[in-house]
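All figures in this text were calculated on a predicted structure; none of them were measured in a lab. Index from 1, following the sequence.
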Amino acid sequence: MLSPSARFSALALLAIVAPATIVAVLGYVSIRQWEASSELLYREQARDMAAMAAEKVEMTLRRSEDAFLDRIQAVLRSDAPPERAVDDVLAGAPLIRRLYLIGATGELVYPRAWKDGDQAVFGPLLTETAVRRLARDGKREVIANNQVCLALLTRRSGEPVVAAFVRDPDTLRREILETTLGTLESSTIIAVLDHEGRTVYSRAPIGDAQRLLSVGFRDGLPDWRLAVYQTAAGSPRQAVRRQVMLFTAALGVLVAVIVAGIVMTWRLMRRETEMARLKSDFVANVSHDLKTPLSVIRMFGETLEMGRVTDEGRRQEYYRVITREGERLSRLIDNVLDFSRIEGGRQTYDMTPTPVEPLIRSTLEAFAYPLAQQGFKVEVSVAPDLPDVTMDADAVGQALANLIDNAIKYSADERSLTVDARVADGRLVVAVSDRGLGIAPEEQAKIFEKFYRVGRSDTQGRRGSGVGLALVRHVAEAHGGDVAVESKPGAGSRFALRLPLSGA
Ligand code: ADP
């Protein structure tokens with residue numbers, strides 16, 4: 001059969017720890033799912049954003065190139081001599097680095113001559129078929145790794161003219177890429193890579209950021225790509241990790257609080273169980289304590305009654321035993337009654353200035369017989385001219401009697417009792433010392449608790465209820481003082497009752 005506290009622990013484990021574990025597991029699983037889906041969502045958003053940005057770059061580029069081509073077209077349609085007018089248009093279009101206009105038969109319309117070996121680059125591109133294809137499709141073309149753009153224009157006469165131009169990379173970066181991509185709101189880094197994967201433009205230094213994805217541009221920049229990079233701090237994984245840490249910490253605190261609660265309740269229950277045990281021991285101990293002097297009194301009383309004791313000396317001895325056992329009974333009953341009054345908060349103290357020495361002597365007097373019978377060496381040392389101390393003389397006398405009773409009870413071979421009274425640090429100190437069994441250090445605080453008795457075979461053989469020292473402490477504290485113990489197992493104990501001189 002399990003003890004109540006063990007049953008409680010098992011129940012607590014089942015009722016609290018199990019759900020906490022389930023919550024932890026569910027939380028972990030849902031965070032993992034969330035991590036995966038947020039990663040996916042983040043990627044999708046990044047892809048949408050990248051496609052939109054690429055579109056925007058192309059639109060801006062096309063708009064700016066269209067405006068330029070419109071102006072060239074206007075020149076070709078006008079009467080103006082193309083040479084100067086085209087020069088003017090070019091001067092106002094920094095995006096166009098170089099322009100050639102070629103007629104349908106391959107003749108150079110603008111400028112007069114090829115520059116710096118451009119013919120080698122442009123010539124092969126401007127074959128008749130290419131021009132015809134352009135005329136048929138009626139659109140612009142970007143060829144040779146974004147290097148050369150072709151567009152079909154018409155002269156005033158209606159003849160086709162091919163405009164072949166090269167973009168200026170710096171202007172492209174500054175006026176197209178920077179203006180369109182630089183203003184995008186995003187926690188990622190956006191970069192444009194050329195046909196060899198080199199970074200043409202990036203919104204921020206890429207450093208060790210990870211490439212998330214890249215999308216291609218369309219007709220305007222056919223060989224280039226727009227790439228999205230993710231910094232470690234901005235990644236959704238990092239955010240999830242922070243959440244996981246937060247969740248784990250919160251769960252940890254929760255579990256710690258639950259465990260602390262269980263431990264506290266368990267301790268409380270153990271204390272209650274211990275208290276219940278101590279109480280039942282107390283009842284048994286008190287009954288036993290009452291029984292022993294009663295049977296001695298009865299036995300001696302009956303013997304005397306039967307008139308069998310003829311020797312006067314023996315008779316006197318028997319009377320003394322009866323008186324002594326009667327006194328012990330009274331003391332015991334007083335202890336229990338006082339204790340119950342204290343527990344019920346009904347104990348009152350009658351404080352009057354009391355001379356100390358007579359109180360000590362009369363208390364010791366009550367123990368004269370057992371002390372003498374057991375061969376105790378008694379020493380009383382009371383400092384001369386002790387002042388009267390305000391106290392409840394009965395209560396303090398009883399506390400002192402309990403200390404003396406214990407000194408006698410817990411003595412071993414060396415029977416010695418010292419009572420010592422003096423003023424120290426402005427307080428009256430009455431100390432009762434013995435050279436008896438002594439008390440282990442770990443027990444010294446517990447012996448003042450109610451019902452507590454040191455669970456040792458050598459003390460268990462001695463009678464006692466476990467309330468004596470609890471009463472001493474209560475009396476001391478009610479007087480504004482305290483009780484202290486110094487003890488060494490095997491060497492003896494010294495209990496000091498310390499009371500303020502002026503009373504509480
Ligand atoms: P009890 O009725 O058991 O004597 P007390 O409250 O007076 O109850 O004392 C509590 C316990 O303290 C005792 O059971 C005993 O183990 C220990 N104790 C008290 N006085 C002494 C002493 N002078 N020497 C050794 N042990 C003592």
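Contact record, A476 with V483: CB-N, 4.2 Å, taken as the closest heavy-atom pair. For the pair G375 and R415, the tightest heavy-atom approach, listed with the atom from each and the gap, is O-CB, 3.9 Å. Residues A484 and R498 share a closest heavy-atom pair of CB-NH2, 3.6 Å. Contact detail for R203 and L181: the closest heavy-atom pair is CD-O, 3.2 Å. Of all heavy-atom pairs spanning M49 and T188, the tightest one is CE-OG1, 3.7 Å. L497 approaches A399 most closely through the heavy-atom pair CD2-CB, 4.4 Å.
In this structure, R346 places its CZ atom where more than 12 heavy-atom neighbours from other residues, nucleotides or ligands lie under 6.0 Å away. Heavy atoms of other residues, nucleotides or ligands lying less than 6.0 angstrom from CD of E305 number 12 at most. In D208, the CG atom is not crowded: 12 or fewer heavy atoms of neighbouring residues, nucleotides or ligands sit closer than 6.0 Å. The environment of E442 atom CD is dense: over 12 non-hydrogen atoms of other residues, nucleotides or ligands sit within 6.0 angstrom. Open room surrounds CZ on R271; 12 or fewer heavy atoms of other groups in view lie less than 6.0 Å from it. Heavy-atom neighbours of Q373 CD from other residues, nucleotides or ligands within 6.0 Å: above the threshold of 12. More than 12 heavy atoms of other residues, nucleotides or ligands shown are found within 6.0 angstrom of CE on M306. Around CZ of R473, the count of heavy atoms belonging to other residues, nucleotides or ligands within 6.0 Å exceeds 12.
Here the OG atom belonging to S214 is positioned 14.5 Å from the CH2 atom belonging to W224, to the nearest 0.5 angstrom. Rounded to the nearest 0.5 Å, atoms CG (L471) and NE2 (H474) are 8.5 Å apart. With rounding to the nearest 0.5 angstrom, the CZ atom of F448 is 5.5 Å from the CG atom of L469. Considering CG of L177 and NZ of K56, their distance stands at 12.0 Å, rounded to 0.5 Å.
No donor-acceptor pair closer than 3.5 Å links the side chain of T199 to the backbone N or O of Y201. Between the D194 side chain and the E196 main chain, a donor and an acceptor come within less than 3.5 Å of each other. Not a single donor-acceptor pair under 3.5 Å links the side chain of R494 to the backbone N or O of V485. Panel note: side chain N285, backbone D281; a donor-acceptor pair is recorded below 3.5 Å.
Counting only heavy atoms from C-beta outward, the side chains of V389 and H479 never approach each other to under 4.5 Å. Side-chain contact check for L371 versus L364: some heavy-atom pair is nearer than 4.5 Å. You'll find the side chain of L193 stays beyond 4.5 Å of the side chain of R198, heavy atoms only. With a 4.5 Å cut-off on side-chain heavy atoms, F495 and V472 do not count as touching. Contact check for P387 versus L501: side-chain heavy atoms found under the 4.5 Å cut-off. No side-chain heavy atom of V396 sits under 4.5 Å from any side-chain heavy atom of D392. Side-chain atoms of T352 and T354, non-hydrogen and from C-beta on, do get closer than 4.5 Å to each other. The shortest side-chain heavy-atom distance between R63 and I176 does not fall under the 4.5 Å cut-off.
Among residues two or more places apart in sequence or in another chain, the salt bridge (charged side-chain N to carboxylate O under 4.0 Å, His left out) test is passed with D420 by R422. Residues satisfying the salt bridge (charged side-chain N to carboxylate O under 4.0 Å, His left out) test with R361, not counting sequence neighbours, are E357. Listed by chain and number, the residues in a ring pair (Phe, Tyr, Trp, His ring centres under 6.0 Å) with F247 amount to none (sequence neighbours excluded). For F282, the ring pair (Phe, Tyr, Trp, His ring centres under 6.0 Å) partners are F451, not counting sequence neighbours. Taking T303 as the reference, V309, Y318 meet the side chain to side chain contact (heavy atoms under 4.5 Å, CB included) condition, with sequence neighbours excluded. Scored by the side chain to side chain contact (heavy atoms under 4.5 Å, CB included) test, R267 finds V263 as partners (sequence neighbours excluded). Partners of R174 by salt bridge (charged side-chain N to carboxylate O under 4.0 Å, His left out), not counting sequence neighbours: none found. Among residues two or more places apart in sequence or in another chain, the side chain to side chain contact (heavy atoms under 4.5 Å, CB included) test is passed with E272 by none. Applying the salt bridge (charged side-chain N to carboxylate O under 4.0 Å, His left out) rule to E379 yields the partners K377; only residues at least two apart in sequence or on another chain are considered. Scored by the side chain to side chain contact (heavy atoms under 4.5 Å, CB included) test, V215 finds R47, A50, A54, L213, L226 as partners (sequence neighbours excluded).
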Please list, one pair per line, the donor and acceptor atoms closer than 3.5 Å that link side chains of residues 329-339 to other protein atoms, with sequence neighbours excluded.
unit_1: S330; atom_1: OG; unit_2: G326; atom_2: O; d: 3.1
unit_1: N335; atom_1: OD1; unit_2: Q398; atom_2: NE2; d: 2.8
unit_1: N335; atom_1: OD1; unit_2: N402; atom_2: ND2; d: 3.2
unit_1: N335; atom_1: ND2; unit_2: N402; atom_2: OD1; d: 2.9
unit_1: D338; atom_1: OD1; unit_2: R341; atom_2: NH2; d: 2.7

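Residues E55 and R218 are paired through a salt bridge, judged by an N-O separation under 4.0 Å between the basic side chain and the carboxylate. Using a 4.0 Å cut-off between charged side-chain N and carboxylate O, K450 and E343 make a salt bridge. Checked for salt-bridge contact, R277 and E274 meet the test: a charged N lies under 4.0 Å from a carboxylate O. A salt bridge is defined here as a Lys NZ or Arg NE, NH1 or NH2 lying under 4.0 Å from an Asp or Glu carboxylate O, and E35 with R32 meets this definition. Look at R314 and E317 and you find no salt bridge, because none of the NZ, NE, NH1 or NH2 atoms lies under 4.0 Å from a carboxylate O.
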Check your understanding: Which is it for K446 and E449 under the salt bridge (Lys or Arg N to Asp or Glu O under 4.0 Å) test, yes or no, and what are the steps along the way?
Key -> CA-CA 5 Å; K446 296 190 212 155; E449 286 169 18; over 6 Å; no
Check your understanding: What's the verdict on side-chain contact (heavy atoms from CB on, under 4.5 Å) for H288 and T292, showing C-alpha distance, side-chain angles and the deciding distance?
Key -> CA-CA 6 Å; H288 186 258; T292 318; 4.0 Å; yes
Review point. Would I322 and L304 count as a side-chain contact (heavy atoms from CB on, under 4.5 Å) if you check the C-alpha gap in whole Å, the side-chain angles of each, and the deciding distance to 0.1 Å?
Key: CA-CA 11 Å; I322 290 173; L304 288 168; 3.9 Å; yes
Practice item. Using the side-chain contact (heavy atoms from CB on, under 4.5 Å) rule, take L294 and E325 through it: C-alpha gap first, then chi angles, then the decisive distance, then the call. Key: CA-CA 8 Å; L294 270 178; E325 291 300 316; over 6 Å; no
Exercise for review: Determine, stepwise, if the pair E443 / Y452 fulfils side-chain contact (heavy atoms from CB on, under 4.5 Å).
Suggested key: CA-CA 10 Å; E443 303 278 4; Y452 190 84; 2.4 Å; yes
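Sorted by first and then second residue, the ring-ring contact (aromatic ring centres under 6.0 Å, His included) pairs with a member in residues 357-379 form an empty list; sequence neighbours excluded.
Judged by distance alone, the side chains of S493 and S487 do bring a donor and an acceptor atom under 3.5 Å apart.
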